[in-house]
Amino acid sequence: MKTIPLILLGCGGVGSHLLQHIVSCRSLHSLQGLLLRVVGVGDSKSLMVVDDLLNKGLDDSFLLELCRIKHAGESLSKLADSGQCRVFAHPESQGKIVDIASQLGKKTGLAFVDCTASSDTISVLKQVVDLGCCVVMANKKPLTSTMEDFENLMKYPRRIRHESTVGAGLPVIASLNRIISSGDPVHRIVGSLSGTLGYVMSEVEDGKPLSQVVRAAKSLGYTEPDPRDDLSGMDVARKALILARILGRQINMDSIQVESLYPKEMGPDVMTVDDFLGRGLLLLDKDIQERVEKAASNGNVLRYVCVIEGPSCKVGIQELPKNSALGRLRGSDNVLEVYTQCYSDQPLVIQGAGAGNDTTAAGVLADIVDIQDLFP
């Protein structure tokens, strides 16, 4: 039986679903000769670590209780008296992770899984990789930090997996890496990489006002609590930056042209969420409606996409042919079109659910299983 000891940092939506997947897949992994041994779990306040790092993991019953507690919005520290582990407060937790990586890196190996949404993990990620351990990320921020941080993290590409930073469970990065490895030059990438904005643009195409669509998306749980977090386009820009860097572009976030769907005068520092939803959105309806009608008169539709072509990387609304893969997009799916020398007339198209905690967690689990050959 091949064993992968792992530490999970971040057990919110994605992280807790990952733990549930690990538990539910025990029999499947056993048939494959694989055991995922969870030796530590951390949130923003504390880190819980088993006493015997070389031989024990947290019990499945403990992991499921942990998920229940996190779903209830409580802290891991509630499990401090379980007797299964030691608890370290947040200021000590990253140093403890590095200690564990140092201990296990040369003996059994370690998979460090980052399901946070924080830039604070960059330092510990770099140290863990340098100690010979593996890293699996759903967190986009370390890969969209400075070019220096990105290059330090990617020094050992075989030990890094980050599929879920771009398309949740979709094989976007794996497909790109295969194309690059084959020597087939990538000329252009066009992608709708936000389930929220995909839904919004396909709904306004049907003639519905933007204000109505955004409110509906919020009520359905498609948007962040403040929909401007989605409408700003910054989440798409982070995904676009990761893709551009995979293609070898030496660029930072300020190199990307990002079109926000609302003006600065409606930003969070000027207008409350309620004001934005109540009156701000109404002021945006006319412009979007005119753009939808103009696109329709040209036989096109509007989609919020990233476009990577040559040295250029842009994020915003584009007119696209109605019968293209992106033009046919409905609902909250992600779609990516990749144009290469081999896929020049008809692009390689990757499509499917590109959001959701469960889908993203499944992508993270697949990444963990994918690194098993690096463990003794």
message = Whether the Glu319 and Asn298 side chains hold a donor-acceptor pair (N or O, under 3.5 Å, no angle test) is what I'd like checked.
response = yes
task = State whether Asp370 and Arg161 are salt-bridged, where the test is any N-O pair (Lys NZ or Arg NE/NH1/NH2 against Asp/Glu carboxylate O) under 4.0 Å.
result = yes
query = Backbone N or O of Met266 within a donor-acceptor pair of the Arg228 side chain at under 3.5 Å?
reply = yes
ask   = If you round to the nearest 0.5 Å, how far is CG of Leu320 from OG of Ser192?
value = 9.5 Å
message = Measuring from atom CE of Met271 to atom OH of Tyr262, what distance do you get when rounded to the nearest 0.5 angstrom?
response = 11.0 Å
request  = Indicate yes or no: does Glu205 engage Arg303 in a salt bridge with an N to O separation below 4.0 Å.
outcome  = yes
ask   = Ignoring hydrogens and geometry, is there a side-chain-to-backbone donor-acceptor pair from Arg188 to Tyr339 under 3.5 Å?
value = no
request  = Is it possible for you to say whether Ile4 and Leu365 belong to one hydrophobic cluster, with membership spreading through side-chain heavy-atom contacts below 4.5 Å?
outcome  = yes
task = Say whether, by atom type as modelled, one donor and one acceptor occur between the side chain of Arg158 and the main chain of Leu374 under 3.5 angstrom.
result = no
ask   = Do the side chain of Arg86 and the main chain of Met48 share a donor and acceptor less than 3.5 angstrom apart?
value = no
inquiry  = For His71 and Ser16, which I'm curious about, is there any donor-acceptor pair between the side chains at under 3.5 Å?
reply    = yes
query = Under 6.0 Å from the CD atom of Glu290, do we count more than 12 heavy atoms belonging to anything else shown?
reply = yes
query = Between Glu163 and Val172, is there a donor-acceptor pair closer than 3.5 Å when you use the side chain of the first and the backbone of the second?
reply = yes
ask   = After noting the C-alpha distance and the side-chain angles of Gln212 and Glu203, does the key distance pass the side-chain contact (heavy atoms from CB on, under 4.5 Å) rule?
value = CA-CA 10 Å; Gln212 177 186 324; Glu203 290 291 293; over 6 Å; no
ask   = Between the side chain of Lys322 and the main-chain N/O of Gly327, is any donor-acceptor distance below 3.5 Å?
value = no
query = Can you name the side chain to side chain donor-acceptor pair (under 3.5 Å) partners of Asp206, sequence neighbours left out?
reply = Arg330
request  = Measure the CD1-NZ distance between Ile69 and Lys78 for me, rounded to the nearest 0.5 Å.
outcome  = 5.5 Å
message = According to a hydrophobic-cluster definition based on side-chain heavy atoms being under 4.5 Å apart (Ile, Leu, Val, Met, Phe, Trp, Tyr only), do Val113 and Ile173 belong together?
response = yes
ask   = Just by distance, with hydrogens left out, do Asp114 and Thr116 show a side-chain donor and acceptor under 3.5 Å apart?
value = yes
key: Stepwise side-chain contact (heavy atoms from CB on, under 4.5 Å) check, Lys264 with Val270   = CA-CA 8 Å; Lys264 289 181 180 177; Val270 179; over 6 Å; no
inquiry  = Please tell me whether Phe112 and Leu54 are part of a single hydrophobic cluster in this structure, the criterion being side-chain heavy atoms less than 4.5 Å apart.
reply    = yes
key: Lys56 NZ to Cys85 SG distance, which is reported to the nearest 0.5 Å   = 11.5 Å
message = Keeping Gln372 on the side-chain end and Val369 on the backbone end, is there a donor-acceptor pair under 3.5 Å?
response = yes
query = Which atom names give the shortest non-hydrogen contact between Leu170 and Asn334, and what distance separates them?
reply = CD1-CB, 3.8 Å
task = May I ask whether Val307 and Val349 are part of the same hydrophobic cluster, defined by side-chain heavy atoms of I, L, V, M, F, W, Y residues being less than 4.5 angstrom apart, directly or through others?
result = yes
ask   = For Glu259, does its backbone N or O pair with a side-chain atom of Tyr304 as donor and acceptor, under 3.5 Å?
value = yes
inquiry  = Show the nearest heavy-atom pair for residues Ser75 and Lys45, with the distance to one decimal.
reply    = OG-CD, 4.0 Å
task = Indicate if Val335 and Val186 have the same hydrophobic cluster label, given that clusters are the connected sets of ILVMFWY residues with side-chain heavy-atom separations under 4.5 angstrom.
result = no
task = Assess whether side-chain contact (heavy atoms from CB on, under 4.5 Å) is satisfied between Val305 and Leu197, documenting all intermediate values.
result = CA-CA 9 Å; Val305 296; Leu197 293 176; over 6 Å; no
query = So, Glu92 and Lys96, do they make that salt bridge, N to O below 4.0 Å?
reply = no
request  = Kindly compute the distance separating CG (Asp60) from CD1 (Ile22), expressed to the nearest 0.5 Å.
outcome  = 9.0 Å
Short side-chain to backbone donor-acceptor contact, Asp43 and Leu76, under 3.5 Å = yes
request  = Indicate yes or no: at least one non-hydrogen side-chain atom of Thr144 is less than 4.5 angstrom from one of Asn252.
outcome  = no
Side chain to side chain, Leu6 and Cys134, heavy atoms closer than 4.5 Å = no
task = Evaluate side-chain contact (heavy atoms from CB on, under 4.5 Å) for Asp235 paired with Asp230, printing each intermediate quantity in order.
result = CA-CA 7 Å; Asp235 186 59; Asp230 300 289; 5.8 Å; no
task = Scan residues 122-132 for pairs that pass side chain to side chain donor-acceptor pair (under 3.5 Å), counting only residues two or more places apart or in two chains.
result = Ser123-Gln127, Lys126-Asp149, Asp130-Lys155
key: Contact summary for Val258 and Ser232, nearest pair of heavy atoms   = CG1-O, 3.6 Å
query = Is the number of heavy atoms from other residues, nucleotides or ligands under 6.0 Å of Phe375 CZ greater than 12?
reply = yes
message = Donor-acceptor check, side chain of Ser181 to backbone of Arg178, threshold 3.5 angstrom: yes or no?
response = no
remark   = Taken to the nearest 0.5 Å, the spacing of Leu66 CG from Asp59 CG works out to 12.0 Å
query = Any chance the side chains of Asp358 and His21 put a donor and an acceptor closer than 3.5 Å?
reply = yes
